[in-house]
Amino acid sequence: MNNTEAPTDPKAMILLMGLRRCGKSSICKVVFHNMQPLDTLYLESTSNPSLEHFSTLIDLAVMELPGQLNYFEPSYDSERLFKSVGALVYVIDSQDEYLSAITNLAMIMEYAYKVNPSINIEVLIHKVDGLNEDFKVDAQREIMQRTGEELLELGLDGVQVSFYLTSIFDHSIYEAFSRIVQKLIPEISYLENMLDNLIQHSKIEKAFLFDINSKIYVSTDSNPVDIQTYEVCAEFVDVSIDLFDLYKNSNQVQKGNENGNLQLNDSKKVIKHPEELKNVSQLGNDVILYLRQMIRGLALVSIIRPNGTDMESCLTVADYNVDIFKKGLEKIWASSKIPKNEQI
Ligand SMILES: Nc1nc2c(ncn2[C@@H]2O[C@H](COP(=O)(O)OP(=O)(O)OP(=O)(O)O)[C@@H](O)[C@H]2O)c(=O)[nH]1
């Protein structure tokens, strides 16, 4: 959807800004439209603001403002726009000369904070795939330091700014967006508590609540996120969807076993109920990957470490506890502060 108007409905809105060619459209296409990163090489420069809506646990709107637009000229209703925004995501191309980006960011932060003091300011130090480790650290330090100095000069030294090192060529961009989106979910602390409860009682080492389409995780338990664990879980979402689609088609000619489950091999099965996707896979090191579809396009993906317990017992306990978790999620959603345009 293309639109120059800010939405008037109370969606959680993310504003994506940055100088020309910093990578805004690529980020949108890769994260929200599953575009292959290499295909972004041929993206045309965006000349009009574009607005896209995504329904995950929250209804999210992402507005991309092209780099060459002057948002502060009188004809552009910046005030209304910035007031309706939950997060300002500013993209800085780390492979380019970034001092002018920081000056531009400072001007935008000053304005954004004035009209909307509760706005989250998030800075993506982007395209870090092209930098070696030393350059990466240097760029991060310099950008953070200079941004801090600009804020100090503007008398905004108390304003919280978060920085993320990102690239569309790995999972860092999904991880950054996950954290940005989570800050916009009012019920995030309940979700985290529920996930903590779930893992404590199920031999689960780590659990993510994924948005299946974008592979952003809208919540996780309170243990630290290790990017490799996230990658494994995100890829398991992809594999599960592919298998689901595959068996959806082949199911017409091939029957499952007597339980209606499709056996892949002893340790791996995709279980299809008409309305629920489930996938379980045991890896060579005994770790079990476990995926269950939840509500509103979400899936719970967890890593189970059996530590000597047999797989069947682990799965029975996990199934039982995940059922309870899902019911809790339905309850939270039913009494959520989030506006509901869609049913579960
Ligand atoms: N190496 C690298 N290149 C990237 C990354 N993200 C985007 N790019 C490239 O950067 C170039 C510009 O990307 P765009 O997404 O068109 O940039 P934009 O900010 O939308 O540009 P405007 O529409 O002109 O404002 C493209 O060639 C992308 O392939 C990244 O993470 N790493």
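Each ligand, and each atom within it, is numbered from 1 in the order the structure gives.
K29 does not count as a contact of ligand 1, since none of its heavy atoms falls under 4.0 Å from the ligand. By the 4.0 Å heavy-atom criterion, C22 is counted among the residues contacting ligand 1.
If you check the side chains of D96 and S94, you find no donor sitting under 3.5 Å from an acceptor.
Of all atoms in ligand 1, listed by their number and element, those nearer than 4.0 Å to a heavy atom of S167 are 31 (O). Contact atoms of ligand 1 toward S25: 15 (O), 18 (P), 20 (O), 23 (O) (distance under 4.0 Å to a heavy atom of the residue). Which parts of ligand 1 touch L41 is read off a 4.0 Å heavy-atom cut-off, strictly below it: atoms 27 (O), 29 (O). Atoms of ligand 1 found under 4.0 Å from any heavy atom of K24 (numbered from 1 in listed order, with element): 15 (O), 17 (O), 18 (P), 19 (O), 20 (O), 25 (O).
Of the possible polar contacts, one joining the D196 side chain to the S222 backbone as a donor-acceptor pair under 3.5 Å is found.
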Exercise for the section: Apply the test side chain to side chain contact (heavy atoms under 4.5 Å, CB included) to residues I199 and N223: give CA-CA distance (whole Å), side-chain angles for both, the deciding distance (0.1 Å), then the verdict. Expected result: CA-CA 10 Å; I199 67 165; N223 292 323; 3.4 Å; yes
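Every N/O-N/O distance between I27 and ligand 1 stays at or above 3.5 Å. Checked against a 3.5 angstrom limit, the closest N/O atoms of D129 and ligand 1 fall inside it. Between P37 and ligand 1, no N or O atom pair is found at a separation short of 3.5 Å.
Each of Y290, Y174, Y217 was checked for a ring pair (Phe, Tyr, Trp, His ring centres under 6.0 Å) with F208, and the lone residue meeting it is Y217. For the side chain to side chain contact (heavy atoms under 4.5 Å, CB included) with I180, the qualifying choice from L124, N120, L88 is L124, the only one to do so.
Contacts of T40 with ligand 1, taken as heavy-atom pairs under 4.0 Å, involve both backbone and side chain.
The residue from M17, H126, Q95, R21 that puts a heavy atom closest to atom 11 (C) of ligand 1 is R21.
Residues F236 and S281 are in side-chain contact: their nearest non-hydrogen atoms beyond the backbone lie under 4.5 Å apart.
Under a hydrophobic-cluster definition in which Ile, Leu, Val, Met, Phe, Trp and Tyr are linked whenever side-chain heavy atoms come within less than 4.5 Å, directly or via other members, L156 and V115 are assigned to the same cluster.
Salt bridge annotation for E150-R146: absent, with no cationic side-chain nitrogen under 4.0 angstrom from a carboxylate oxygen.
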